[in-house]
Amino acid sequence: MTVPQHLLLVIPSHSTASADSAGHLVEAEVEHPQLSVLDVAATRGDGIFETISIGRGNPQAFDAHLARFARSARMLDLPAIDETLWRDAVLAIAERLADHDEAWVKIVLTRGIELAGATGHPLPTGWAYGTVSPEFRRERTEGVDVVLLDRGLRSDVSSTSPWLLAGAKTLSYAVNRAAVREAQRRGADDVIFVSTDGMLLEGPTSTLVIRRGDELATPPDAFGILPGTTQVDLFAAADQWGLRTVVAPLTPDELLAADAAWLVSSVRHAAPVRSVDARPLPVDAPLTAAMNGFLRARTA
Ligand SMILES: Cc1ncc(COP(=O)(O)O)c(C=O)c1O
């Protein structure tokens, strides 16, 4: 029997009022086009997504991802998500990928077809796609070189300019990709964004966690960053490693003085930061291994 490598479920005319969620999931060919050229996902990046790690068929931090998906929908004034529908979609794909140690499922909801505005309310488009995770051994053990990049936003952007959607998980990730290309141009792998008022924020696809002594610290969501599900799970487990946790403003100087730092996220898990703007940072190999062991073994 061949082990499935990927699976796509589309949710045609995603309805917030679906009573029979199973009836709304349609298996589709990944190799064939499924999206209209008029969909605002393609034309404006107007939609939301979540990427959920799957370990041996178990979605990790599942409730937290669904809650964040609902939060992003609210921030973008999209219709409320149908949690049962999305839960069923993720579980159906996870089950098909259960023979793999590590896989992931991405769920996407867009505002729908652009020209449907003429008829009133466009129906959102939705799909769930899952596949096997790539190999992250190097990033998880040797670590990543990062550069600090100015995000061009103040740390109070969420309250001053909520229309910038800072902290929502939108489909508009072109800026995040551009930042990683800038890091690569500078000979690094990844990025930590800094606010214009000098506060550390997050990576383009990850949350920053630092260790100073027996304390783990991460910047507050109130700085317009995505509330990370991986960071929350690590902080909940920190006790077992003899560590306290704190959510607090952090500066580049504090990062450079840290005993260790990580960029943490679903799928890649904990990647130690081994340098910042070419200045070396200690890699805490035993704690990194403990974190990654814990993250791989997590369930809902
Ligand atoms: C901007 C940003 N920050 C943080 C994260 C980490 O979130 P999580 O740990 O829930 O994957 C992500 C994940 O993709 C992200 O895109």
Side-chain angles (χ1 to χ4, degrees), residues 45 47-55 58-72 75-76 86 90 102-109 129-130 133-134 136 139-140 144 146 148-149 151-153 155 157-158 164-180 182-183 189-195 199-210 216-238 245 247 250 261-273 288 291-292 294-296 298-300:
I48 58 172
F49 76 104
E50 283 292 322
T51 304
I52 304 163
S53 298
I54 309 293
N58 294 308
Q60 297 172 329
F62 197 12
D63 292 341
H65 279 290
L66 289 173
R68 194 171 66 187
F69 199 46
R71 173 182 177 273
S72 295
M75 289 175 79
L76 269 74
W86 291 101
V90 173
E102 295 188 47
W104 54 267
V105 174
K106 186 179 214 174
I107 54 177
V108 182
L109 179 66
Y129 167 78
S133 296
F136 287 113
E139 291 88 337
R140 289 177 186 168
V144 289
V146 308
L148 299 178
L149 293 184
R151 188 173 247 179
L153 301 172
S155 60
V157 61
S158 298
L164 292 183
L165 301 176
K169 202 160 167 64
T170 78
L171 293 173
S172 313
Y173 262 46
V175 166
N176 304 42
R177 306 302 288 213
V180 172
E182 178 60 24
D189 309 300
D190 213 329
V191 174
I192 299 172
F193 288 119
V194 183
S195 65
M199 295 295 140
L200 295 174
L201 297 173
E202 63 184 343
T205 58
S206 58
T207 309
L208 172 67
V209 172
I210 73 168
L216 293 181
T218 196
D221 305 345
F223 282 180
I225 62 182
L226 190 75
T229 65
T230 314
Q231 171 268 315
V232 166
D233 281 358
L234 284 173
F235 275 31
T245 62
V247 176
L250 298 172
W262 297 265
L263 287 177
V264 307
S265 56
S266 306
V267 188
R268 190 174 71 174
H269 298 330
V273 175
T288 303
M291 285 177 166
N292 280 319
F294 163 79
L295 290 171
R296 276 199 305 276
R298 259 173 328 163
T299 50

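Basis for what follows: all heavy atoms, side chains included, without hydrogens, waters or symmetry-related copies. On a predicted model such as this, the values are computed, not experimentally measured, just so you know. Indexing begins at 1, ligand by ligand and atom by atom, following the structure's order.
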Shortest non-hydrogen contact between Glu202 and Leu226, atoms and distance: OE1-N, 3.1 Å
Any donor-acceptor N/O pair, Glu139 side chain to Val144 backbone, under 3.5 Å: no
Polar side-chain atom of Ser206 near backbone of Val264 as donor-acceptor pair, under 3.5 Å: no
List below, pair by pair, the N or O atoms of ligand 1 and of the protein that are less than 3.5 Å apart, including the distance to 0.1 Å; reply 'none' if no pair qualifies.
from, atom 1, to, atom 2, distance (Å)
ligand 1, 3 (N), Glu202, OE1, 2.9
ligand 1, 3 (N), Ser206, O, 3.4
ligand 1, 7 (O), Arg68, NH1, 3.4
ligand 1, 9 (O), Thr229, N, 3.4
ligand 1, 9 (O), Thr230, N, 3.0
ligand 1, 9 (O), Thr230, OG1, 2.5
ligand 1, 10 (O), Arg68, NH1, 2.8
ligand 1, 10 (O), Arg68, NH2, 3.0
ligand 1, 10 (O), Thr229, N, 2.8
ligand 1, 10 (O), Thr229, OG1, 2.6
ligand 1, 11 (O), Ser266, N, 2.9
ligand 1, 11 (O), Ser266, OG, 2.7
ligand 1, 14 (O), Lys169, NZ, 2.8
ligand 1, 16 (O), Lys169, NZ, 3.2
ligand 1, 16 (O), Tyr173, OH, 2.6

Going by atom type alone, with no hydrogens or angles, which donor-acceptor pairs under 3.5 Å involve a side-chain atom of residues 64-72 and a protein atom two or more places apart or on another chain?
from, atom 1, to, atom 2, distance (Å)
His65, ND1, Glu50, OE1, 2.7
His65, NE2, Thr229, OG1, 3.3
His65, NE2, Ser266, OG, 3.3
Arg68, NE, Glu50, OE1, 3.2
Arg68, NE, Glu50, OE2, 2.9
Arg68, NH1, Pro227, O, 2.7
Arg68, NH2, Glu50, OE1, 2.8
Arg71, NH1, Gly167, O, 2.8
Ser72, OG, Arg68, O, 3.2
Ser72, OG, Lys169, N, 3.1

Main-chain N/O of Ile48 paired with Thr170 side-chain donor or acceptor, under 3.5 Å: no
Among Asn292, Asp190, Thr205, the one residue meeting side-chain hydrogen bond (donor to acceptor under 3.5 Å, both in side chains) with Arg268: Asp190
